[in-house]
Structures are given as C-alpha cells and as structure tokens.
K.L.:
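Please find one structure pasted underneath; my questions will follow.
Below, read A as the first sequence line, B as the second, and so on, with proteins coming before strands; counting in each chain starts at 1.
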Amino acid sequence: MKKSPCVRFAPSPTGKLHLGGARTALFNWLYAKHNGGNFFLRIEDTDTERSKQEYTDQILNSLEWLGLKWSEPLIYQSKRNLIYKEEVQKLLDNGRAYRCFLTKEELQVAREKAKKEGGEFRAPKIYRDLSLDDQKGLINSGQSFTIRLKIPSKGSTFFEDKIYGKINVNNKEIDDFIIVRSNGSPTYNFTVVVDDNNMGINYVIRGEDHISNTPKQILIYSALNYPVPDFAHLPLILGSDKKRLSKRHGAASVEDFREQGYSVDALLNYIVMLGWNSGSEDELFSLEDLISKFDINKIQKKGAVYDEKKLHWVAGQHMIRKSEKNLLNEIREDDPNWQKHSKDTYIFSVLKLMKIRAKTLNELKEACAYFFSDPKDFDENAIIKRWKDKSVNKLINNFITSLEKLSNWSQKDLDESLRDTAQEMAVSAAKLIHPVRLAVSGQSHGPGLFELIELLGKMTTLRRLRKGLDIFPLKR
RNA sequence: GGCCCGUUCGUCUAGUGGUUAGGACUCCAGGUUUUCAUCCUGGCAACAGGAGUUCGAUUCUCCUACGGGCUACCA
C-alpha cells in the first residue's frame, strides 16, 4: 500500500516570503490537499548570522494570510542540534564521513591556486583516511575541524525528477562537502536530509535552484541508510530580465502584494499559472478548483517571467466574481474600521456598483470614497470641459428644482426628470449628465449617473449639486 | 571555467511526425455606454540556429548559440 504523501515547505528566515517561496509553498500545499496528505513547515535557521526572528514571523504571517495551513508540529532546525549530532556520529562511526582539519585559510589558498591553474577546485582529501589516533592527536593539540562527507570516488548518483526527468551526476563532480562546521553546527544539506527523514517526508517539492544539491543529499540518504524520497523541482519565477525575481523587480514579497491590496485568491490564482496549467483553457480558479485540478505532472520546466499586467487582470476578474459580503470582509481584515458608520446594505450596494471598476482592494476603497463623503477634489479637465460657464448653472438650477419636486427617488424617475429638464432647456441630456456627475462625484467617469444618484439619495445629491453651483464655473 | 537544466507570439501557455501552430494577458481598431469600467467583435504577433533521421520535421537525435541554476565552514 502506498503511504500518504508527506510534503513540506522549508524556508530559511533570511528575508520575507517572496513570490517564489509562496509558489513553492502553494504547490506543496496543493499536492498534499489533492492527495490527502500532510503539509509541514520547517524553518531552516541553521545560519545564525543571517537568520532573524522577524523574518520567521513575517513568513508565518504571510503563509497564514495566504491560507496555506500547515500541519503541526512546526519545526525549527535550530532546536534540533541533538538529533543532528547523533546522526553525524553514525556517519563518523560507519566511516562515511571524516574530520577535516583544513583551515579556512588553507582552503582559500588552494582555491586560488586551482583558479589560477584553470583546474576545478576540490577540497584536498588529505584527512580523508586519517587514523583515529592521528585524529585524536590533532584534536588534543587544539586543532579545529569540520566534518565532511566521504563521496565515493567512482560511480554516479542519479534520481528521477518528477518534473525534469532523469538527472545523473558523476560522483567525481561532487566535492567532499562539509556537513558540520568547525563551530559544531550542521550545514544545510545535512540538516535537510536528517529532518526530511525524521519528519517522514516522502516527496520533496522545492525550487530548481536545489537541483544540484539533490545528488549530494541522496549521498547522505544512502550513507545514513534512509529511504530516498521522490523529488520534484520547480522552475524559478523570473523578472522581466529573465533573472530570478527579487526586490529589484518591484513588489516581490507576499507582504508587498498584500499592501497593494491584492486579494488572496487572485494572487494564488496568478501564482499557480506561472509554470502550471490545468489542462483546459480555463485560467480563473478558486482555491477549491485548484485543489481538485492540481496535477504536478503539468508543471513546466522553463522559468516563468512574472507579469504584473496579467496579475492585475486576474485580480480584476476575481473582484467581479466576488460577493459584496466577501469583499467587505476582505477589506475589513486589513482595515477593520472601514466605513464602520455606514449600513452594510448601503456598503453592499456601493461595492456592487464599483467592484467592476477595480482590480485591487485599495483601488476599490478609493473608488468608493465619494459614496461616503462629499468630494473635495474635482477633476480639473472635467470642470473645464463640462462646466465651462454660467449657462451650466442655469441647467443645474432647473434640474435641482425638478428634483425637489420628485416624489419617487428612483432610477427611472430620475432619468425622466433629467431628460425632461434637458428638453425644456433645448440641450442634449449629456450636457446635463456630465456636470451633474462632476458635482456629485468629483469625477468625469463612474457608474451610470442614475444608479449613482439613486444610491446617494436625495439629500446628498441636492447638497452636492448646490455646492457645485457655488464653486463652478472656475473663476480665472 | 566546470557540472546540471532550459528554449513555441513581448509575457503566461496549448499542441502534433503531415494543424490555417490554438488560448490568455498586453497593445491596436471597432461595437455597446451619458462617461469610465465591464462585455462583445476583429487585428498584430511565435516553433533560437545548423546538421542528421524521415516521403515529410515545431515535434525524434546531435551540434551550436542564448538564457538560467549550482560551483561557500549560505540556505
């Protein structure tokens, strides 16, 4: 019987969670969800120099915001030194690793020499077969040492990547790499293997940048006699210059996208399309869709360039499809007091009118502003174009009079009232519509005028029209 | 430099030993609308190059070019 899949996301807290990391986490999570497995999280903080608690917090926070829940327990590598120590000892005991007394300086010299001579650098293997007594002698004399894995001098190491296919590396290409530093702390390649095994991870899904680490890690698996998991390497997310996406390319961290007001489903939807397709021509998915449709075999090998324009489009499509209730919830999640004084039913009507015109939550909030308070700024070009002179004041005045008499404040009656006024004054309806919109919203565009003022209500509309009468046309 | 990986419109991608090489975003032109957005219609635009295999290669093989990753007592 097949074991249920156990996958993990293993960020190192040396920066915020970026788009690439989010996608790796998402693919792992989707894989687990789709197959009824477990998704674990492990914080790789063995580099004490660069790891920061604030980054761990930020990563956890972003992951939570994205809704990618992980199974307990949450693992911190920094708390697992005992386990690593035990496993290193096994390697030392079974002769698959050795103490290396080379100093950093000696290594540096050897490296430079190799570079000058054009050869490739390998750590000199002079300590590889040192007797136990000699080792003790050096230790007692106070010599510090690292521990290196003994790489077989012959043969090759290969694996069947689920995305890239067979990858084969000659063992002589692999250096006897360090698994424990001279300060006693274990290194990445070693801790990953120990932890993945210990956590029961049977499917490793990670970035393509780890492809060349994989043979090294497989060598550790076999030295430790662990079962080797399956591997799938994901292509990288690139900037427009085809280089790995980073802050240089603008927004790159999940936090940035959140601040810009992108909603979670939109971001996740866009991210998943970078290097994956559903097999159909559909491009818009809910999270549930993704879980059911996700198929790791349909992942691309090529790195995908991040395109903000398309993200924006995806975001707009999600916005349109979302219910007003959900939209309000999302807005309030980041801005709990947003329009707290207004009735929900009114807010819903506003959102319904405006969501079609916005892509991000921020845009939406901004677009809705004049529904909640009288406009303070007025579009200059619109003033010049639509409210040229005093003749407009006359029109508006008549319209106000007509509105005051209106008994039924409905779209239909507003429409009729405006058209009647225009006809009486022998002008086209547009001559009246535009200045009314300007006075009422401060803008030259927006929803249909009659829906707009119907929603605004009689009092507000009249108040804003009268104010328009006061300040327009502009004096020069 | 060495090792590994990749290459279909500008971008995300579909696809096949014989297709008018399909879709989406962007852009452009129309339509709808009082305006904006939405929506609809149409358009521009790609198989990196060279050899080979083959009746026929975008598809298979090799080479080249280009791009990327790794090459740390980082992860």
K.L.:
Taking B:U26 as the reference, what is the distance to B:U32 when you measure between their C1' atoms (whole Å, please)?
P.N.:
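Their C1' atoms lie roughly 22 Å apart.
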
K.L.:
Give one of base, sugar-phosphate or nothing for A:H210, where a contact means two heavy atoms less than 4.0 Å apart.
P.N.:
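Base, at least one base heavy atom under 4.0 Å.
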
K.L.:
Among B:C70, B:U26, B:A24, which nucleotide has an atom closest to any side-chain atom of A:K309?
P.N.:
B:U26

K.L.:
Which one, B:C12, B:C73, B:U34, comes nearest to the side chain of A:V305?
P.N.:
B:C12

K.L.:
Looking at B:C73, B:C39, B:G68, which one has an atom nearest to any side-chain atom of A:Q317?
P.N.:
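Closest nucleotide among those given: B:C39.
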
K.L.:
Is there a donor and acceptor pair, one atom on the side chain of A:S212 and one on the base of B:C4, closer than 3.5 Å?
P.N.:
no

K.L.:
Any idea how A:F101 and A:F145 line up, ring-wise: parallel (<30°), tilted (30 to 60°), or perpendicular (>60°)?
P.N.:
tilted

K.L.:
Just call it for A:K431: base, sugar-phosphate, or nothing, with non-hydrogen atoms closer than 4.0 Å on any strand.
P.N.:
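The answer is nothing, as A:K431 stays clear of every strand by at least 4.0 Å.
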
K.L.:
Across the strands shown, which category fits A:A304 at heavy-atom distances under 4.0 angstrom: base, sugar-phosphate, nothing?
P.N.:
sugar-phosphate

K.L.:
Among B:U35, B:G10, B:C70, find the nucleotide with the atom closest to the side chain of A:D209.
P.N.:
B:C70

K.L.:
Quick one: do A:K162 and A:D230 make a salt bridge, cutoff under 4.0 Å?
P.N.:
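Yes, A:K162 and A:D230 are salt-bridged.
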
K.L.:
Given B:C12, B:C73, B:A75, which nucleotide is nearest the side-chain atoms of A:K104?
P.N.:
B:C73

K.L.:
Pick base, sugar-phosphate or nothing for A:S278, based on heavy-atom distances below 4.0 Å to the nucleic acid.
P.N.:
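Result for A:S278 = nothing.
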
K.L.:
Looking at the side chain of A:K302, which of B:C3, B:C70, B:U13 is the nearest nucleotide?
P.N.:
B:U13

K.L.:
I want to verify a distance call: between B:U35, B:A37, B:G68, whose nearest atom is closest to the A:R357 side chain?
P.N.:
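Nearest to the side-chain atoms of A:R357, counting from C-beta on, is B:A37.
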
K.L.:
Identify whether any heavy atom of A:I174 sits under 4.0 Å from a base atom; if not, whether one sits that close to sugar-phosphate; answer base, sugar-phosphate or nothing.
P.N.:
nothing

K.L.:
Taking B:A37 as the reference, what is the distance to B:U71 when you measure between their P atoms (whole Å, please)?
P.N.:
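B:U71 and B:A37 have their P atoms separated by 49 Å.
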
K.L.:
Counting only side-chain heavy atoms from C-beta out, which of B:G69, B:U34, B:A75 sits nearest to A:H434?
P.N.:
B:U34

K.L.:
Do A:D176 and A:L149 come within less than 4.5 Å of each other through their side chains, counting heavy atoms only?
P.N.:
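SC-SC contact between A:D176 and A:L149 ruled out.
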
K.L.:
Indicate, with a heavy-atom threshold strictly under 4.0 Å, whether A:G448 touches base, sugar-phosphate, or nothing.
P.N.:
base

K.L.:
I'd like to know whether the aromatic ring centres of A:F27 and A:F294 sit less than 6.0 Å apart in this structure.
P.N.:
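Yes; A:F294 has its ring centre under 6.0 Å from that of A:F27.
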
K.L.:
Do A:N213 and B:A75 have a side chain to base donor-acceptor pair shorter than 3.5 Å?
P.N.:
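Side chain to base: pair present.
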
K.L.:
Say we look at B:A46 and B:C9: how far apart would their C1' atoms be, to the nearest angstrom?
P.N.:
4 Å

K.L.:
From the set B:A75, B:G23, B:U13, return the single nucleotide nearest to any side-chain atom of A:E281.
P.N.:
B:G23

K.L.:
Heavy atoms under 4.0 Å, any strand shown: does A:L102 hit a base, just sugar-phosphate, or nothing?
P.N.:
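Base: the residue A:L102, judged by heavy atoms under 4.0 Å, touches a nucleobase.
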
K.L.:
If each of A:N168 and A:H445 is mapped to the nucleotide of RNA chain B with the nearest heavy atom, which maps nearer the 5' terminus, i.e. the 5' end?
P.N.:
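Taking each residue's closest nucleotide, the earlier one in sequence belongs to A:N168.
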
K.L.:
So does A:K322 pair up with A:E330, basic N to acidic O under 4.0 Å?
P.N.:
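So A:K322 pairs with A:E330 through a salt bridge.
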
K.L.:
Work out how far the P atom of B:U58 is from that of B:U53, and round it to whole angstrom.
P.N.:
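It comes out at 15 Å once rounded to the nearest Å.
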
K.L.:
Can A:D47 and A:R50 be counted as an ion pair, charged N to O under 4.0 angstrom?
P.N.:
yes

K.L.:
Measuring only the P atom in each nucleotide, how far is B:G22 from B:G43? A whole number of Å is fine.
P.N.:
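Straight-line distance between the two P atoms is 11 Å.
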
K.L.:
Report the residues that fulfil ring-ring contact (aromatic ring centres under 6.0 Å, His included) with A:Y188, sequence neighbours left out, ordered by chain and then residue number.
P.N.:
A:H210

K.L.:
For B:U38 and A:K359 - does any side-chain N or O of the residue sit under 4.0 Å from the phosphate oxygens OP1/OP2?
P.N.:
yes

K.L.:
Measuring only the P atom in each nucleotide, how far is B:A29 from B:C36? A whole number of Å is fine.
P.N.:
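Nearest-Å result for B:A29 against B:C36 at atom P: 14 Å.
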
K.L.:
Which of these nucleotides, B:A14, B:U26, B:A75, is closest to any side-chain atom of A:N277?
P.N.:
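For A:N277, the side-chain atoms sit closest to B:A14.
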
K.L.:
Does a nitrogen or oxygen in the side chain of A:S185 sit under 4.0 Å from OP1 or OP2 of B:C73?
P.N.:
no

K.L.:
Whole angstroms only, please: what is the NZ-P distance between A:K310 and B:G10?
P.N.:
15 Å

K.L.:
Rounding to an integer number of angstrom, what distance separates B:G6 and B:A48 when you compare their C1' atoms?
P.N.:
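Here B:G6 and B:A48 have their C1' atoms 12 Å from each other.
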
K.L.:
Categorize A:T191 for me: base, sugar-phosphate, or nothing, with a 4.0 angstrom heavy-atom threshold over every strand shown.
P.N.:
nothing

K.L.:
I'd like the C1' distance from B:G49 over to B:A65, given in whole Å.
P.N.:
7 Å

K.L.:
Are any of A:R321's side-chain N or O atoms less than 4.0 Å away from OP1 or OP2 of B:U38?
P.N.:
no

